Amino acid sequence: EPPRFLEMRFEQLATSFPAPIAGNASGRPAGPANFAPELLLTRADETGLFPDHSTFRLAGALAGRALKTPIDLPSRSHAEILTNSVVQLLVDPEGIPLSTILLGPGSGSKEADDYALQRARAARFTPLPFTPGTASPLLGLAWGELIFEWHTVPATNVPAPKP
């Protein structure tokens, strides 16, 4: 049997539309009477967006331990912006690093990564309180990361002085 399409007369096409339009005298959708957009964003604190010096932070189990030795981080001169140097540490109960490993691809500067490893090896944390009767030497070992966030300054193209 051939297909039979439903037939609709042309006069019936627009019969369902006048009812909603009749309730709105202007013919436009109803909206707020006095629309005044409100600025929801406050001015960004520009001081925290681009720091002017290198910083570090602790992560993992070391985040709760205080660092006894200060870590001085100079800005790094490089042609491209450096990423973070992440050094994984294993620290004993006395607060001395037993192992330091550079994680990931590094910062993009071998000198910055080497400096991060040196600073991580020299770091000293507050010792854990002594607990008498602990037989396991593994008790009190803490894994964590020391994350160096480098402030990069443009490299200069000034040639080195000749001797």
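Scope of the values below: all heavy atoms of this structure, side chains included, with no hydrogens, waters or symmetry mates. Note that the structure is predicted; figures quoted are calculated from it, not measured.
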Looking at E1 and R4, what are the two nearest heavy atoms and their distance?
OE2-NE, 3.7 Å
Qualifying residues under side chain to side chain contact (heavy atoms under 4.5 Å, CB included), relative to A59, sequence neighbours excluded:
E145, I147
Using a 6.0 Å cut-off, check whether atom CD1 of I81 has over 12 heavy atoms from anything other than its own residue.
no
Please identify each residue that fulfils side chain to side chain donor-acceptor pair (under 3.5 Å) with R65, with sequence neighbours left out.
none
Going by side-chain heavy atoms closer than 4.5 Å, which hydrophobic residues are tied to L117, directly or by a chain of links?
F56, L58, L62, L67, I71, L73, L82, V87, L89, V91, L102, Y115, F125, L146, F148, W150
Can you tell me how far CZ of R76 sits from OG of S107, rounded to the nearest 0.5 angstrom?
8.5 Å
What is the distance from atom CD of Q88 to atom CG of L103, rounded to the nearest 0.5 Å?
5.0 Å
Here the pair of heavy atoms bringing H151 nearest to S54 is N-OG, 2.9 Å
Closest heavy-atom pair, S109 versus H78, reported as atoms and distance to 0.1 Å, is CB-CD2, 3.8 Å
Determine which pairs satisfy salt bridge (Lys or Arg N to Asp or Glu O under 4.0 Å) with at least one residue from residues 109-119, sequence neighbours left out, and list them in order.
K110-D114
S77: which residues meet the side chain to side chain donor-acceptor pair (under 3.5 Å) condition with it, sequence neighbours left out?
none
Considering residues at least two apart in sequence or located in another chain, which fulfil the side chain to side chain donor-acceptor pair (under 3.5 Å) criterion with T55?
E149
Pairwise salt bridge (Lys or Arg N to Asp or Glu O under 4.0 Å) hits with a residue in residues 85-99, at least two apart:
none
Quick one: list whatever passes side chain to side chain donor-acceptor pair (under 3.5 Å) with T100, sequence neighbours left out.
R121
Close side-chain approach of K68 to P127, heavy-atom, < 4.5 Å
yes
All salt bridge (charged side-chain N to carboxylate O under 4.0 Å, His left out) counterparts of R124, not counting sequence neighbours:
none
